[in-house]
Amino acid sequence: MRLSRYFLPLLKETPSEAQIVSHRLMLRAGMLRQEAAGIYAWLPLGLKVLRKIEQIVREEMNRAGAVELLMPTLQLADLWRESGRYDDYGAEMLRIKDRHEREMLYGPTNEEMVTEIFRASVKSYKDLPQNLYQIQWKFRDEQRPRFGVMRGREFLMKDSYSFDLDEAGARRTYNQMFAAYLRIYDRMGLRAIPMRAETGPIGGDLSHEFIILADTGESAVYCDRRVLDLPIPGEDIDYSSDLSGIMRDWTSLYAATEDVHDAARYESEVAEGDRLEARGIEVGQLFYFGDKYSKPMKAVVTGPDGVDRPAQMGSYGVGVSRLLGAIIEASHDDNGIIWPDSVAPFGAAIINLRPGDAAVDEACGKAYAALTKAGFDPLLDDTDGRVGAKFAAMDLIGSPWQLIVGPKGLADGVVELKRRATGERQTLSLDAALAAIGA
RNA sequence: CGGGGCGUAGCGCAGCCUGGUAGCGCAUCUGCUUUGGGAGCAGAGGGUCGCAGGUUCAAAUCCUGCCGCCCCGACCA
């Protein structure tokens, strides 16, 4: 992409409404525009990151054996009456009437609908287990939206729903999701800690929240700091194998959100030097809730014994849009965002210090072609700006690699290569620079 | 939902108390100079002052109502 043709409305000054750093940086970097409280337009740069995060989630869900589908954002109220949640959910649910005065709602979550889909076609234990997921917009009419995408009313969420014949099967699925979640956050450069959590309105008796430690987190968390050093399952993980060991390793060390924190247990189980009390951002949650929905909604399967029983269900959410905020909270400096390579909107930036200079233009063109071919999706700054402003802009939007091409260096046969994360700069030939990036 | 605050140009703000031709910085546009870390000079454009009523000769300013947004708390992926 050529910057001169792109839509990147950078802000020099911070909009007054933004209180936390991720919100400020997303606005300044031209990723986001607020349209109403907790409702945002995703500008091109923000959308690119959103799509990359989405894709990582998708790849890891697929790897874990889940199957993607897409359900509508609008749902019929009658469906929610089957589970009893239409009346229970309260003002957080956005309720809508269509032209026929039919009561509808903008889905805050999809347990009812997926259960309806499941029960319509699955009748036998032979078709189990199933784990269906979608990446779809949700709406929860928060009393107090805040912190940009961290607590929006409209947000993008990966939600999956599993169906098993019995509790043992459901726990196997739960463990698969547990391992997949460890991988998802790790691939985004985040250290997410699974913590025992309350089940909330979704219900059930087994639940973990995945928490990113950050000062701006909304909840207080308590854990054994040794969880920070536990190994993440590799790409070669076999999801058909017994994963209870991973689950055991990660859950044997104390880690709990304030809602379920047990101070006495914490103090007895965690050595004083290992105690970590911090703030955390919740970026995902796992629930096992058995037949909470399948029973009232009659999602039953026939077992090998010929007896019908409600499917054992779980649901698993990842806050996709929230993750942008979480990643920025975890990775930024005074100059702007520091994107991990895996989610960077552009894998590399080429800064043309003198557009119009034939030699500089040619070198930039060569770098652009090589980086494009190597899959970096580069951003070429071909604008006529001040050098300082150009550097500041690329730092602000967090380009992981910055290839700086100017007439002075080129006269000596060199360019400058800067790594955003470390600030490290090297002066080297264009070919060597491209090789260093990996193109 | 309780408490507090704010709506004036794209962004950040002053003006309001004490009513009298709507300002500043940044950004934008034009010209000249400048060009390896957010340039300088000169000029220009852009605002029914959130909306609706009211008071007044006169309202950004005072009064009433409404809408929107932000912050603290309670609540929540």
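Every chain is numbered from 1, with letters handed out A, B, ... down the list of sequences. These numbers were taken from a predicted model, which means no experiment stands behind them.
In this structure, CZ of A:Arg153 is placed 14 Å from C1' of B:C70, rounded to the nearest angstrom. With rounding to whole Å, A:Gln285 atom CD is found 6 Å from B:A77 atom P. Rounded to an integer number of Å, the gap from CD of A:Glu218 to C1' of B:A77 is 10 Å.
Under the Watson-Crick and G-U wobble criteria, each requiring two contacts below 3.5 Å, nucleotide B:A77 is left unpaired. In this entry B:A22 has no Watson-Crick or G-U wobble partner, no candidate having both defining distances under 3.5 Å. In this entry B:U30 has B:A42 as its Watson-Crick or G-U wobble partner, both defining distances falling under 3.5 Å. When both pairing distances are held under 3.5 Å, B:A14 makes no Watson-Crick or G-U pair with any nucleotide shown. Across all strands shown, B:C62 forms a Watson-Crick or G-U wobble pair with B:G54, both key distances being under 3.5 Å. Pairing for B:G2 is with B:C72, a Watson-Crick or G-U wobble pair whose two hydrogen-bonding atom distances lie under 3.5 Å. Nucleotide B:G7 has B:C67 as its partner under the Watson-Crick or G-U criteria, with both atom distances under 3.5 Å.
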Does A:Asn62 form a side-chain hydrogen bond (donor to acceptor under 3.5 Å, both in side chains) with A:Tyr133? I'd like the steps, not just the answer.
CA-CA 9 Å; A:Asn62 291 346; A:Tyr133 78 96; 2.7 Å; yes
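Applying the side chain to side chain donor-acceptor pair (under 3.5 Å) rule to A:Ser83 yields the partners A:Glu112; only residues at least two apart in sequence or on another chain are considered. Shown here are the salt bridge (Lys or Arg N to Asp or Glu O under 4.0 Å) partners of A:Glu142, two or more places apart in sequence or in another chain: A:Arg151. Contacts of A:Arg265 classified as salt bridge (Lys or Arg N to Asp or Glu O under 4.0 Å), with partners at least two apart in sequence or in another chain: A:Glu269. With sequence neighbours excluded, no residue forms a side chain to side chain donor-acceptor pair (under 3.5 Å) with A:Glu116.
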Throw together a table of side-chain donor-acceptor distances under 3.5 angstrom for residues 423-430 of chain A, partners on residues two or more places apart or in other chains.
from, atom 1, to, atom 2, distance (Å)
A:Ser429, OG, A:Ala432, N, 3.1

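Sequence neighbours left out, not one pair with a member in residues 15-29 of chain A passes salt bridge (charged side-chain N to carboxylate O under 4.0 Å, His left out). Residue pairs meeting the side-chain hydrogen bond (donor to acceptor under 3.5 Å, both in side chains) criterion with at least one partner in residues 393-407 of chain A, sequence neighbours excluded, are A:Asp395-A:Gln402, A:Asp395-A:Lys418. Identified under the salt bridge (charged side-chain N to carboxylate O under 4.0 Å, His left out) test for residues 358-368 of chain A, with sequence neighbours left out: A:Lys366-A:Asp431. Annotation: salt bridge (charged side-chain N to carboxylate O under 4.0 Å, His left out) contacts involving residues 334-355 of chain A, sequence neighbours excluded, comprise A:Asp341-A:Arg419.
Shown here is A:Arg95, whose CZ atom has more than 12 heavy atoms of other residues, nucleotides or ligands within 6.0 Å.
Place A:His23 and A:Pro15 on RNA chain B by their nearest nucleotides, and A:Pro15 ends up nearer the 5' end.
A heavy-atom distance below 4.0 Å to RNA chain B is reached by these residues of residues 29-60 of chain A, ordered by number: A:Gln34, A:Ala36, A:Ala37.
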Can you name the atoms? Protein N/O to nucleotides 72-74 of chain B N/O, anything below 3.5 Å, with the distance.
from, atom 1, to, atom 2, distance (Å)
B:C72, OP2, A:Arg144, NH1, 3.3
B:C72, OP2, A:Arg144, NH2, 2.1
B:G73, N7, A:Arg144, NH1, 3.4
B:A74, N6, A:Arg146, NH2, 3.2
B:A74, N1, A:Gln143, OE1, 3.3

Assign a letter to each nucleotide of nucleotides 30-42 of chain B from its 5' end: B, base within under 4.0 Å of a protein heavy atom; S, sugar-phosphate only; -, no contact.
----BSBBBB---
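As judged by a 4.0 angstrom heavy-atom cut-off over every strand, A:Gly152 is placed among the base-contacting residues.
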